[in-house]
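Each ligand, and each atom within it, is numbered from 1 in the order the structure gives.
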Amino acid sequence: MRALLVDPTAPAGLRLGAAPDPEPAPHQALVRVAATSLNYGEVAGVVPGAEPGAVLGWDAAGHIERAAADGSGPPVGTPVVTLGEAGGWAELRAVDTGFMGVVPDGADLGAISTIPVAGASALRALHRVGPLLGRRILVTGATGGVGRYAVQLARRGGAYVVASTGDPGARGESLRALGAHAVVGDPGEVDVPLDGVVDLVGGRQLVAAYEKLAAGGVLVAVGHSGGDDEHFAHGVLYGDQGRHDRAIVSFHLLGCRGLGRDLEWLAGEVAGGRLDAGEAWRGAWGEAGAAVAALRGRRLHGKAVLEVG
Ligand SMILES: NC(=O)c1ccc[n+]([C@@H]2O[C@H](COP(=O)([O-])OP(=O)(O)OC[C@H]3O[C@@H](n4cnc5c(N)ncnc54)[C@H](OP(=O)(O)O)[C@@H]3O)[C@@H](O)[C@H]2O)c1
């Protein structure tokens with residue numbers, strides 16, 4: 001099969017080449033991939049240290065080529081959206097049937113391929129925050145792949161949504177169009193007590209967002225795009241003066257159980273036009289280098305979709 005292979009000598013560290021077809025385990029289906037999407041975490045964090053020749057890729061959408069031998073999962077020909085630790089940047093992917101969701105017939109598989117890491121992380125982080133109806137939620141790094149889903153889902157859940165971006169002038173309008181009630185340039189500018197935070201940046205932004213939490217509030221530390229340390233000045237973690245029981249929780253998408261159902265629900269929402277996939281770039285997978293460079297350089301705000309084959 002053809003695949004995007006790790007190649008440290010190629011621009012952006014990836015080139016199209018040949019790789020052996022994957023051999024599915026009994027609980028895995030073989031999927032013919034139509035589209036994949038890139039995530040900041042894999043292009044900035046995983047590609048640079050990966051073995052030359054490795055086939056990476058967390059997200060992929062396509063059709064079942066061969067059903068799982070153990071009888072689990074959908075039959076041949078079914079359109080699916082899939083998540084895995086690797087193997088998505090290839091014509092064929094072996095994937096656990098618990099990490100796939102059925103996609104409505106006729107859906108745009110490019111848009112659907114944006115769902116696994118970005119959509120599911122946003123959904124699960126909001127579940128961890130707790131009830132949303134009538135509550136106030138901040139999303140930091142809101143213009144990115146996860147952030148755009150988080151803003152929409154928090155709004156759908158009935159929250160008052162504050163979105164944070166490094167450039168509210170240029171990117172605020174698009175966040176308001178997704179459902180943000182307010183847009184700020186830094187969590188320190190938030191002027192309402194928050195019940196929850198989906199933090200995609202970490203570092204100084206995490207500390208500033210934590211300081212805005214009301215008693216009982218929860219900050220879910222999903223992302224660390226800023227790459228900075230978190231320094232809490234003495235007193236910030238005191239519980240008096242309305243600061244009782246505020247929590248910071250860590251997050252790892254692949255630590256979540258039952259993701260197949262979430263992928264399927266999200267696919268239905270995107271296919272039905274009720275969720276925007278946040279697509280900022282689409283091209284043939286041979287042009288992956290341009291998208292990778294833009295994502296790493298913070299010039300691409302949203303999802304990059306690669307059409308496979
Ligand atoms: N723990 C998990 O399981 C999990 C799952 C999914 C994602 N993540 C992590 O979550 C983060 C967001 O993922 P993503 O795919 O949405 O990334 P993304 O598309 O690159 O979006 C991140 C956003 O954060 C802002 N940002 C980027 N670099 C920044 C910096 N140095 N300082 C401040 N803001 C910065 C940018 O918005 P502005 O330029 O508009 O400010 C950007 O649009 C990443 O760190 C990713 O690795 C973790």
Side-chain angles (χ1 to χ4, degrees), residues 36-49 56-59 83-85 88 99 113-129 138-153 162-176 178 180 183-189 197-209 219-230 248-257 259 262-263 266 276-281 291-305:
T36 179
S37 79
L38 301 175
N39 295 285
Y40 180 82
E42 56 192 341
V43 303
V46 183
V47 171
L56 305 176
W58 295 335
D59 297 345
L83 170 67
E85 285 189 62
F99 286 88
S113 76
T114 66
I115 289 172
V117 169
S121 295
L123 184 60
R124 286 302 178 105
L126 288 167
H127 285 176
R128 187 63 185 82
V129 163
L138 167 69
V139 179
T140 68
T143 58
V146 182
R148 288 180 184 276
Y149 273 115
V151 166
Q152 295 176 77
L153 292 169
V162 184
S164 174
T165 163
D167 193 345
R171 299 195 274 278
E173 210 35 58
S174 74
L175 292 171
R176 283 193 186 83
L178 293 176
V183 179
V184 295
D186 185 275
E189 296 170 19
V197 177
V198 174
D199 178 45
L200 302 165
V201 179
R204 201 186 46 74
Q205 294 210 19
L206 181 151
V207 177
L219 182 153
V220 186
V222 177
H224 312 276
S225 299
D228 311 323
D229 295 342
E230 283 90 21
I248 300 175
V249 297
S250 55
F251 181 89
H252 183 54
L253 180 62
L254 290 175
C256 301
R257 288 166 177 264
L259 285 170
D262 298 51
L263 297 179
L266 288 161
D276 185 313
E279 209 176 305
W281 188 96
V292 170
L295 207 48
R296 282 185 187 152
R298 206 175 161 186
R299 297 190 305 279
L300 199 154
H301 297 281
K303 295 291 297 180
V305 172

Is a side-chain N or O of [X] found less than 3.5 angstrom from the main chain of [Y], in a donor-acceptor match?
X	Y	value
Q205	D199	no
T165	A142	no
R148	H301	yes

To which of [options] does the heavy atom nearest [atom] belong?
atom	options	answer
atom 36 (C) of ligand 1	K303, H224, R298	R298
atom 40 (O) of ligand 1	T165, V139, L175	T165
atom 9 (C) of ligand 1	G223, G172, G147, G166	G223

In terms of residue, atom name and distance, what is the protein heavy atom nearest to [atom]?
atom	answer
atom 15 (O) of ligand 1	Y40 N, 3.8 Å
atom 19 (O) of ligand 1	G145 N, 3.0 Å
atom 6 (C) of ligand 1	S121 OG, 3.4 Å
atom 21 (O) of ligand 1	G144 CA, 3.1 Å
atom 24 (O) of ligand 1	G141 CA, 3.4 Å
atom 7 (C) of ligand 1	V146 CG2, 3.7 Å
atom 37 (O) of ligand 1	T143 OG1, 2.9 Å

(request) Taking atom CZ of R296 as the centre, report whether more than 12 heavy atoms of other residues, nucleotides or ligands fall under 6.0 Å from it. (result) yes

(message) Using a 6.0 Å cut-off, check whether atom CD of E85 has over 12 heavy atoms from anything other than its own residue.
(response) no

(request) Quick one: look at V201 and ligand 1, take heavy-atom pairs under 4.0 Å, and tell me if it's side chain, backbone, both or neither. (result) side chain

(request) May I ask whether V222 places a heavy atom under 4.0 Å from ligand 1? (result) yes

